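Notes follow the structure.
Along the sequence shown, residues carry numbers from 1. Side chains included, hydrogens not; waters and symmetry mates left out as well; all remaining heavy atoms used. Being a predicted model, the structure only gives us computed values, none of them experimental.
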Amino acid sequence: MAALAAIRKKLRTSADPEIAAGSLRFFKTAPGQYGHGDKFLGLRVPALRAMARDCDALSLDDLETLLDSEWHEERLLALLSMSRRYVKREDERDALYAMYLSKTDRINNWDLVDSSAEHIVGAHLRERSRAPLTRLAKSKVLWERRIAILATFHYIKRGEFDETLRIAEIVLHDPHDLMHKAVGWSLREAGKR
């Protein structure tokens, strides 16, 4: 708990109100927009990536506490740390994957999805059934659909394209522009390889 308190203190002392104000606009937090109600401390991604190294000492419960935070940067820090841990700690992979899927309501903006889906969901399902991707792709929740397509980046980077094409077909008629962008990005990356 002391490590978590130290991380939260570091986040707050590094916060910048001007960056926070810009983030409110950039991440579309006004009423009726996709990020409505999100709150920002005001930190940039490179600073959070550097802080993710400091989170190695946190427990899984601490990471879950960060993931449940009202602050966008705390949730992003949790996801960056979870992604790092997924690679490093084989004994925690099942728990990290389960936590991720149980908290998709907290993974509620494009940067949160984009920084984590391939590293946790895609990696976890590489040697397993891909049925969870189908369920996510058919979800009514935008962010779960985006998780499904971006998880396939894990396979694209390994020269495997079938799953990307399959998920792209499921979300072909998705009405949201954030899905159009994610699918286009995925297909472009697959095409490059």
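Every residue two or more places apart in sequence or in another chain that forms a side-chain contact (heavy atoms from CB on, under 4.5 Å) with D91 is listed here: R89. With sequence neighbours left out, S129 forms a side-chain contact (heavy atoms from CB on, under 4.5 Å) with A131, P132.
Minimum heavy-atom separation, R85 to L58: NH1-O, 2.6 Å. Residue S69 comes nearest to R106 through the heavy atom pair O-NH2, 2.5 Å, listed as atom of the first residue, atom of the second, then distance.
Taking the six-membered ring for Trp and the full ring otherwise, F40 and F27 have centroids separated by under 6.0 Å.
The aromatic rings of F153 and W185 are tilted relative to each other, their planes meeting at an angle between 30° and 60°.
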Criterion salt bridge (charged side-chain N to carboxylate O under 4.0 Å, His left out) on R166 and E169, from CA distance to verdict: CA-CA 5 Å; R166 189 178 72 78; E169 191 171 1; over 6 Å; no
Pair I107-W143, side chain to side chain contact (heavy atoms under 4.5 Å, CB included): steps then yes or no: CA-CA 7 Å; I107 306 168; W143 308 118; 5.8 Å; no
Stepwise side chain to side chain contact (heavy atoms under 4.5 Å, CB included) check, D56 with K88: CA-CA 10 Å; D56 289 348; K88 292 178 158 193; 3.6 Å; yes
Derivation of the salt bridge (charged side-chain N to carboxylate O under 4.0 Å, His left out) call for R12 and E74: CA-CA 10 Å; R12 279 151 185 77; E74 286 193 350; 2.7 Å; yes
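With 3.5 Å as the limit, one finds no donor-acceptor pair spanning the side chains of E163 and T152.
Note that OG1 of T29 is 9.0 Å distant from CG of N109, once rounded to the nearest 0.5 Å. Taking NZ from K28 and NE2 from H36, the interatomic distance works out to 15.0 Å, rounded to the nearest 0.5 Å. Taking CD1 of I149 as the start and CD1 of I170 as the end, the distance is 9.0 Å to the nearest 0.5 Å. Atom CG of L48 sits about 6.0 Å away from atom CG of L77, to the nearest 0.5 Å. In this structure, L67 CG and S102 OG are separated by 8.0 Å, a value rounded to the nearest 0.5 Å. Considering CG of L136 and CD1 of I167, their distance stands at 8.5 Å, rounded to 0.5 Å.
For S115 (side chain) and L112 (main-chain N/O), a donor-acceptor pair under 3.5 Å exists by modelled atom type.
Ion pairing between D114 and R146 holds under the 4.0 Å rule for side-chain N and carboxylate O. The residues R193 and E160 are annotated as not salt-bridged, no charged nitrogen and carboxylate oxygen being separated by less than 4.0 angstrom.
By the 4.5 Å heavy-atom criterion applied to side chains, V121 and H154 are not counted as neighbours. Considering only heavy atoms from C-beta on, R135 comes within 4.5 Å of E144 through its side chain.
Both tests hold for R130 against Y155: distance to the six-membered ring centre under 6.0 Å, angle to the ring axis within 45°.
Hydrophobic clustering, with ILVMFWY side chains joined whenever heavy atoms are under 4.5 angstrom apart, keeps I19 apart from M51.
Dense packing is recorded around CD of E70, with more than 12 heavy atoms of other residues, nucleotides or ligands lying under 6.0 Å away.
For residues 42-55, the set of pairs meeting the side chain to side chain donor-acceptor pair (under 3.5 Å) definition, not counting sequence neighbours, comprises K10-D54.
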